[in-house]
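Given the structure is predicted, the values throughout are model-derived calculations rather than measurements. In what follows, chains are A, B, ... by sequence order, proteins preceding strands, each numbered from 1.
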Amino acid sequence: MNSTDNILLEVRNLRKYFPVTSGIFSRVISSVKAVDNVSFHIKPGETLGLVGESGCGKTTLSRVILRLAEPSGGEVYFEGEDVFRLRGDRLRRFRKNVQIVFQDPYSSLNPRLSIGSIIAEGIGAHGIARGGKKREIVEGLLERVGLSAGYYNRYPHEFSGGQRQRIAIARALSLNPKLIVCDEPVSALDVSIQAQILNLLGELKRDFNLSYLFISHDLAVVEHVSDRIATMYMGEITEIAGAGEFYSRPLHPYTIALLSANLLPEPGRKRRPVILRGDVPSPLDPPPGCRFHTRCPVAEDVCRVKRPEPVEVSGGHMVRCHLVDRKDPAPPGFLADLTLMLHKPAGESGVKPL
Amino acid sequence: METLLKISNLKVCFDTDDGPAMAVDGVDLEIMKGTTLGLVGESGCGKSVTCLSVLRLIPSPPGRITGGEILYKGRNLLALPEKDMERIRGNDISMIFQEPMTSLNPVFTIGEQIKEVIMLHQHKTSAEAGELAVRILDKVGIPSPAIRLKSYPHQMSGGMKQRVMIAMALSCNPEILIADEPTTALDVTIQAQILELMQSLQDEYGMSILLVTHDLGVVASMASHVAIMYASSIVEYGSVEDIFGNPRHPYTLGLFTSIPVIGKRGRALYVIPGNVPDPVSFPRGCRFRPRCLFAAEQCMTQKPPLREIRHGHRAACHFSQTIDKYVWKEKTKTASFLISDEQHG
Ligand SMILES: Nc1ncnc2c1ncn2[C@@H]1O[C@H](COP(=O)(O)OP(=O)(O)OP(=O)(O)O)[C@@H](O)[C@H]1O
Ligand SMILES: Nc1ncnc2c1ncn2[C@@H]1O[C@H](COP(=O)(O)OP(=O)(O)O)[C@@H](O)[C@H]1O
Ligand code: SF4
Ligand code: SF4
Ligand SMILES: [Mg+2]
Ligand SMILES: [Mg+2]
């Protein structure tokens with residue numbers, strides 16, 4: 001295997017298929033390809049953002065990586081070790097090094113435990129500390145995420161959504177992990193609370209050289225926190241690029257569609273044309289060829305029959321589209337002009353925002 | 001511009017275990033004919049209660065409209081007999097909700113549900129209502145509408161259900177559409193479709209829209225006027241250009257600088273310290289005071305009224321004449337971007 005020196009997490013051709021059964025004998029009649037040949041990597045201290053519409057496979061992908069669900073195929077390496085083969089102590093170490101923060105701060109904390117016990121659970125289980133020392137660590141964590149150490153004996157229901165998300169973050173931090181998977185960590189929060197959590201995650205990343213796999217459907221949030229961004233559609237990664245490039249030089253039609261549907265808080269800017277018609281097709285009956293062809297505004301005949309392969313167009317910029325040329329990469333068709341328009345400042349009459 | 005709906009000093013109170021909660025406290029709003037008013041605010045600030053009051057749908061008990069006036073075409077809706085109000089709902093003013101899933105009945109087909117609404121408000125036979133239903137579904141962009149009429153809600157995606165809700169709300173050509181977070185539960189690509197639909201229907205029929213959202217991008221692209229709501233009152237109101245280009249209330253300024261914006265990576269997000277206050281025990285004086293960078297002596301005792309700063313632009317802050325985006329930038333340069341929500345001291 002290639003050099004993994006500066007790679008923290010490497011995902012290769014990962015698949016997760018859910019069987020679809022029918023009838024009294026539960027015969028398997030087909031499968032939902034929730035994650036289909038996904039490959040990417042994350043470096044130490046790096047944030048990879050993952051965006052895509054509801055149901056595209058983001059949560060399933062993170063569950064398989066965390067070994068909360070069995071893969072159907074493919075490999076995951078963490079610090080060079082094959083995650084699906086880990087047993088015993090090595091598995092315990094992996095479970096300590098990789099933590100998760102969920103979207104719903106209401107259901108992810110056990111309502112019967114005090115927040116002190118919730119945060120201390122892992123510390124005890126991994127034998128990191130006990131007794132007074134353990135309590136000291138937990139109090140330090142509470143303060144680190146901006147809560148009072150005096151909250152130790154309180155219960156989750158006494159806290160607001162943003163505070164509960166801090167508790168979940170403190171719990172994730174308690175084992176001194178290297179990677180935190182954040183599955184829509186701010187989607188349930190109001191914008192002012194969202195800002196608190198995003199700033200907190202940013203600080204923790206700097207202080208502890210953390211890596212994040214940051215899942216969200218909000219492009220602005222993802223762009224704000226990520227070093228690199230991946231888009232996902234019907235179980236496949238469609239594009240990966242550095243955050244700056246993702247925004248300034250997107251290539252895949254789906255990325256461009258998402259960017260153009262993101263509304264900027266700038267009145268006077270002409271509303272962009274809606275470029276995606278219809279819904280995501282049923283995952284039970286995915287389209288042949290390019291999965292995106294039923295909604296793609298520039299699809300050609302080849303897209304309806306042949307599945308595009310991922311192509312690296314420049315260092316670290318991967319695109320999966322027949323119409324993006326490897327040697328002279330540009331968005332296909334009219335999307336090239338639209339992409340230029342995305343970044344034009346609001347017109348003369350437009351309002352200059354803060 | 002002609003004012004179609006004028007809300008003055010609206011007050012709504014809910015009885016709770018902890019005492020009376022003023023969910024709406026002295027709200028003033030105007031909706032102009034053929035335009036969209038964006039109502040923006042964080043959760044719990046009273047947006048939905050304001051909307052429900054216009055249709056007099058506040059659940060009672062525990063809720064009560066305790067004061068104010070809602071003038072629609074010269075008549076005060078709050079003083080109308082229930083019989084007249086029923087005619088207004090659906091015919092003149094209709095509403096769509098955030099959760100299309102919960103507002104459609106799971107045991108009836110969508111065709112049955114749309115027909116019922118049509119027959120309730122218009123003198124139509126079942127067959128006529130069926131034909132109209134097909135035409136409306138087609139209008140809101142549902143493919144093969146005649147077949148779709150036979151579907152149950154669970155057989156449709158979130159975006160399709162929201163289209164059905166819009167179809168039902170529009171079946172009687174209302175003058176005002178109240179849309180309470182109509183796209184919050186949807187993906188951005190579907191949101192774009194729904195907003196485009198609402199815009200094209202407005203262009204065609206000239207209806208007015210009260211659009212409730214917490215998404216500043218949605219407001220900027222849809223509204224001609226914007227009201228910012230905080231702690232049960234309107235704190236700033238103006239044209240969309242005024243509010244986005246020249247915000248004058250510290251809460252509005254805080255809100256605008258706390259959201260990530262594409263293309264401005266790396267900018268630290270301003271964090272409004274503290275939390276939204278509880279409506280059973282609002283702070284005295286200005287309700288934003290415990291979280292405000294500009295709070296002064298006066299703010300402790302006097303609640304600032306919503307006052308005109310310039311023509312048509314109003315703000316509820318004692319110092320709005322002097323606070324603007326330049327002052328804000330200067331002030332937040334030195335303000336620490338608190339991650340803590342503890343109130344020290
Ligand atoms: N346990 C399961 N059994 C069968 N299908 C499943 C299961 N879990 C997920 N799926 C399917 O896998 C696909 C991906 O789901 P997943 O929850 O990963 O999406 P997501 O991208 O996280 O969506 P969201 O943005 O709504 O959270 C969907 O089609 C979903 O219905
Ligand atoms: N049925 C109800 N019973 C008691 N309190 C309510 C009820 N509906 C709303 N409230 C309270 O009124 C306030 C405003 O709520 P709402 O208008 O729903 O806020 P939002 O701005 O999020 O739409 C909140 O404090 C809420 O808890
Ligand atoms: S391969 Fe074809 S259908 Fe797929 S994104 Fe590219 S142009 Fe569109
Ligand atoms: S009145 Fe005082 S406390 Fe209220 S917003 Fe203005 S400056 Fe801040
Ligand atoms: Mg998910
Ligand atoms: Mg609401």
Among the options B/G141, B/P143, B/G159, B/A220, pick out the one with the most heavy-atom pairs lying under 4.5 Å from chain A. B/A220
Select one option (side chain, backbone, both, neither) describing which atoms of A/S226 are under 4.5 Å from chain B's heavy atoms. backbone
Determine the minimum heavy-atom distance between B/I190 and A/R295, stating which atoms define it. CD1-NH2, 4.0 Å
Approximate separation, where rounding is to 0.5 Å, of B/S258 OG and A/Q194 CD: 7.5 Å
Which bit of B/I272 is near chain A, if near means a heavy-atom gap under 4.5 Å: side chain, backbone, both or neither? both
Distance-minimising heavy-atom pair for A/A261 and B/V188: CB-O, 3.7 Å
Flag side-chain contact, heavy atom, 4.5 Å: A/P265 against B/F256: no
Roughly how far apart are A/L264 CG and B/I262 CD1, rounded to 0.5 Å? 7.0 Å
Any chance CG of A/L284 has more than 12 other-residue heavy atoms, nucleotides or ligands included, within less than 6.0 Å? yes
Heavy-atom pair count under 4.5 Å with chain B, highest-scoring of A/L219, A/I197, A/V222, A/I193: A/L219
May I ask you to decide if A/L276's main-chain N or O and B/Q193's side chain share a donor-acceptor pair within less than 3.5 Å? yes
Rounded to the nearest 0.5 Å, how far apart are CG of B/D215 and CG of A/D218? 8.0 Å
Between A/L259 and chain B, which part of the residue has a heavy atom less than 4.5 Å away: side chain, backbone, both or neither? side chain
Hey, what do you get for NE2 (A/H224) to CG (B/L269), rounding to the nearest 0.5 Å? 3.5 Å
Between atom CG of A/L263 and atom CG of B/L216, what is the distance when rounded to the nearest 0.5 Å? 11.0 Å
What distance separates A/R277 CZ from B/E196 CD, expressed to the nearest 0.5 Å? 4.5 Å
Under 4.5 Å to a heavy atom of chain B? For A/L198 that would be side chain
How about A/D190 and B/S43: does a side-chain donor come under 3.5 Å of a side-chain acceptor? yes
How about B/H311: does its NE2 atom have over 12 heavy atoms from other parts shown lying under 6.0 Å from it? no
For the backbone of A/S192 and the side chain of B/E42, can you confirm whether one donor and one acceptor N or O come within less than 3.5 Å of each other? yes
